[in-house]
Amino acid sequence: MISGLTLGERQTAVCLSLALLVLGVIFAGAGQGDPLGVHGFIIAAYAVVVMGAVITGYYAPAPGADRLTQYYDDPTKFGIIVAMLWAIFGMFVGDWVAWLLAYPDMTFDAAWASFGRLRPVHTTGVIFGFGGNALIATSYHVVQRTSRARLPDQLSPWVVLIGYNLFCLLAVSGYLIGITQSKEYAEPEWYADILLVIVWVTYFLLYIRTLARRQEPHIYVANWYYMAFILVVAVLHIVNNLAVPVSLTEAKSYSLFAGVQDAMTQWWYGHNAVAFFLTAGFLGMMYYYLPKRAGRPIYSYRMSIVGFWGITFFYMWAGSHHLHYTALPLWVQNLGMTFSVMLLVPSWIAAGNALMTLNGAWTRVRDDATLRFMAMAAVFYGLSTFEGSFMAIRPVNSLSHYTDWTIGHVHAGTLGWVSMIVFGTFYSLVPWMWKVERMYSRKLVEWHFWLAMAGTLIYVFAMWNSGIIQGLMWRTYNDGGTLAYSFVDSLVAMHPYYIARAVGGFLFFLGPVIGLYNILMTIRLSRETAGTGIAEMPVVALKAGE
Amino acid sequence: MSMPFDHETLVAFSKSFGLFYLIAMSVIAVVYALWPANQAQFDRAAEQIFDDGDTPCQ
């Protein structure tokens, strides 16, 4: 991959990693006695690994000018592999904490193994590690193809990927040693947040520059969604992480906001992370790869536009539904509730548009597990957005909030929608990227699909049951007017569901393990067939009915 | 100490202006999507993703 970089780009890469190394050493020295010092060493080690990789390939012959006649796909290939590694890591930790909830003694009396530290390792690993790398990798692919333009330079896509993964690494390693600013899905501290701002601005500029070079007059709708994802995540991240560090040599910082403003800012961020990280970006993925794989244009392009503006304008106000029955003014709660219900319209536009696109290709959905992944993703997207609108209604929320129902809802979205659209996309994209006819094993894709389906259904049904039982137990009064059940009673009732959930999670976790093996074997296949002519075959989309 | 705007003013602004700008945005989005002259470029965009020689335009 280094051999694709020009000599100048290799030199800049060495300089950048050197600068990172210096920064790491400064943190390691100045942060002695503080967890920041540990992160200094991690940054330095990471910089050494990156620099080593660049130097190893430094003397490879420079790429010819003919590279500019091709799309630049090396970063996409890298992103796919890294996303799969994060999926395996993040889902493994997820299943670990699932067992930990069923058997709370599993912490070995070690602070790092407590639920409070491992749980954000899981969420960051899957959302940012797996989801984020998948979004970045596919966005590079989609923006080039739909713009008919090559990425404007070869270095900034790498700066984004390498910097982004350093952010993820600092995040998960930080939780284990106790670094957190205690904001859900925004736990990393100030220095990691600043790193992400730099990475994200680079990403935004890269995307804009590519679009500016486009040869198509109209910007294809998938790019709108990717752009919304990039732009809004930047805004959310910056505002929610405004904080003052205790000192420049300490990891700890204090938020600029206090009390209910802090809570509202956090959940404005938190729900829009669901909206623009876990929805908009993946809708961009869906609007490109699903029609492409099905061999049919999107059912209604106009509805995709109406849906886009609905999603961007409605989601922005929905966050306060996380704060029903709190000190937040009632009108703000009402606002969040109303917009959450309205969101059903653009959400179902997208889900309906996807399913109508498949209408007429159902035999392909039956025969092709890759397309079936995408079809099920659209179904789960429709289900979980309906459920989300419903749960945001205040009286419903009084039953569901703080219970496992919320966890079930989130996983219907993340396992059923987000993960499945990624797996479907990767199984389409990998053969295109490595220029082979198809995945190494169709059977393993099939296995992955059914493991994912079984895992999701077991998980979601377990959490629906446990959540509703939990909610009802917490609000059942006896004749004397006091609560009928203690909190521990409800915990005991949860135990079987927690075991079921952990089993479902384990099945789901097996999927990406099989998937990574299948992808690596496909890459091997591409190396074996390289030069035999098969590799030069043009990549054609399957036509309807094929 | 007086603030440039108090809570009540902010709420009144949100409830009035907020409503109308959202309606205006919705109307603009729907009109753009349904404008007959835009249909041709939308159709072309929807079909374009299949039409790839997998190399960028020069």
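Note that the structure is a prediction, hence the values are computed from the model and not measured. Keep in mind that the numbers below use all heavy atoms, side chains included, and drop hydrogens, waters and symmetry copies.
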Taking [atom1] in [X] as the centre, count heavy atoms belonging to other residues, nucleotides or ligands within less than 6.0 Å. Is the count above 12?
X        : atom1 : value
A:Trp268 : CH2   : yes
A:Phe257 : CZ    : yes
B:Trp35  : CH2   : no

Are [X] and [Y] packed together at the side-chain level, in the sense that at least one heavy-atom pair is separated by less than 4.5 angstrom?
X        : Y        : result
A:Trp331 : B:Ser14  : yes
A:Tyr301 : B:Gln39  : no
B:Gln48  : A:Glu216 : yes
B:Thr55  : A:Gln70  : yes
A:Ile298 : B:Phe42  : no

What part of [X] gets within 4.5 angstrom of chain B, counting heavy atoms only: side chain, backbone, both, or neither?
X        : answer
A:Met316 : neither
A:Phe308 : neither
A:Tyr72  : neither

At their closest point, which heavy atom of B:Pro56 faces which heavy atom of A:Leu68, and how far apart are they?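 So the minimum-distance heavy-atom pair works out to CG-O, 4.1 Å.
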If every non-hydrogen atom of B:Arg44 is compared with every non-hydrogen atom of A:Pro217, which pair is closest and at what distance?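 Scanning both residues, the minimum pair turns out to be NH2-CD, 4.4 Å.
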When rounded to the nearest 0.5 angstrom, what distance separates CG in B:Leu34 from CE in A:Met303?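 Taking CG in B:Leu34 and CE in A:Met303, the distance rounds to 8.0 Å.
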Applying a strict 4.5 Å limit to non-hydrogen atoms, the region of B:Leu22 in contact with chain A is side chain
Using atom types as modelled and distance alone, determine if a side-chain donor or acceptor of A:Lys292 lies under 3.5 Å from a backbone N or O of B:Phe50.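 Judged by distance alone, no pair lies under 3.5 Å.
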N-O pairing of B:Asp43 and A:Arg302 below 4.0 Å: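 No, B:Asp43 and A:Arg302 are not salt-bridged.
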